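Below is one structure, written out as structure tokens, with a few remarks after it.
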Amino acid sequence: MAEDEATVNRGDPADEPFPLLIAVTPSPAERIRLAELLDGIAPLLLVADLDELRRLIAAPQQVAAPNEPAPVAALVIDSARSSARCGEREVDLTRLEHDLLTCLVTEPARVWSYAELHRSVWGDEGRERKADVQSLVKRLRRKLHDLGTGATIDVVRGVGLRLTDHQQARVERA
């Protein structure tokens, strides 16, 4: 078989199967550690529990009916590229922004204390400075707004922060 025929018969590389690593752990710190440890090896899916994994795998594709508005694009965090995207828009994330957003996305309904977020992102015990987290959140809110996603970081007074989705878009991890 000639080389040109072999190239034509191979098809699109995107259609070929690829390895996917799936890690299940309820610990946000462990998910961050695994993402750093396995970065660049293969696509990685990190989930908190088996129920979350089942929901992601079994999620049907949404197709908008002619009279219905198109579904809102989901926020996707690309750990390999250290970026976030929503639809066609994309923003680069610093390491700290990436780690904080990844932490919030792991359990979007959970309210995270400033101390928990500081330990997860900076990894240092005893130096849980609220101002560090607030500064990082301010930058992340601006980037989420620039993406046009409905997801934002809200303050729960007296408790901490959580990722809130005002447009009910799904939040996925790449």
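The figures that follow rest on heavy atoms only: side chains count, while hydrogens, waters and symmetry mates do not. Nothing here was measured: the structure is a model prediction, and the numbers come from that model.
Partners of Val24 according to the side-chain contact (heavy atoms from CB on, under 4.5 Å) rule, which considers only residues two or more places apart in sequence or in another chain, are Ile22, Val47, Leu50, Leu53. Scored by the salt bridge (charged side-chain N to carboxylate O under 4.0 Å, His left out) test, Arg141 finds no partners at all (sequence neighbours excluded). The salt bridge (charged side-chain N to carboxylate O under 4.0 Å, His left out) search around Arg142 returns none, not counting sequence neighbours. The side-chain contact (heavy atoms from CB on, under 4.5 Å) test applied to Glu30 returns Thr25, Ser27, Arg33, Leu34, not counting sequence neighbours. Residues passing the side-chain contact (heavy atoms from CB on, under 4.5 Å) test with Arg89, sequence neighbours excluded: Leu147. With sequence neighbours left out, the side-chain hydrogen bond (donor to acceptor under 3.5 Å, both in side chains) criterion links Ser120 to no other residue. Evaluation of the salt bridge (charged side-chain N to carboxylate O under 4.0 Å, His left out) rule for Arg95 yields Asp99 as partners, not counting sequence neighbours.
Residues Arg81 and His98 form no side-chain contact, since every pair of their non-hydrogen atoms from C-beta on lies 4.5 Å or further apart.
Residues Glu97 and Leu140 come closest through the heavy atom pair O-CD1, 3.7 Å.
To the nearest 0.5 Å, the span separating NE2 on His118 from SG on Cys103 amounts to 12.5 Å. Here the straight-line distance linking atom CG of Leu161 with atom CD of Gln134 works out to 8.0 Å at 0.5 Å rounding. Rounding to the nearest 0.5 Å gives a distance of 10.0 Å between CD1 of Ile77 and OG of Ser82. For the atom pair OG1 (Thr152) and CG (Leu144), the distance works out to 6.0 Å, reported to the nearest 0.5 Å. Here CG of Leu163 is found 9.5 Å from OG1 of Thr106. Values are rounded to the nearest 0.5 Å. The distance from atom CG of Asp78 to atom OG of Ser83, rounded to the nearest 0.5 Å, is 4.5 Å.
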- For Leu96 and Leu100, what are the C-alpha separation, side-chain angles and deciding distance, and is it a side-chain contact (heavy atoms from CB on, under 4.5 Å)? CA-CA 6 Å; Leu96 294 174; Leu100 180 69; over 6 Å; no

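Taking the charged nitrogens against the carboxylate oxygens, Lys143 and Glu90 have no contact shorter than 4.0 Å, which rules out a salt bridge.
Residue Trp112 forms a side chain to side chain contact (heavy atoms under 4.5 Å, CB included) with just one option from Ile153, Leu104, Val156, and that option is Leu104.
With a 6.0 Å cutoff to the six-membered ring centre and a 45° limit on the axis angle, Arg119 does not count as a cation-pi contact of Trp122.
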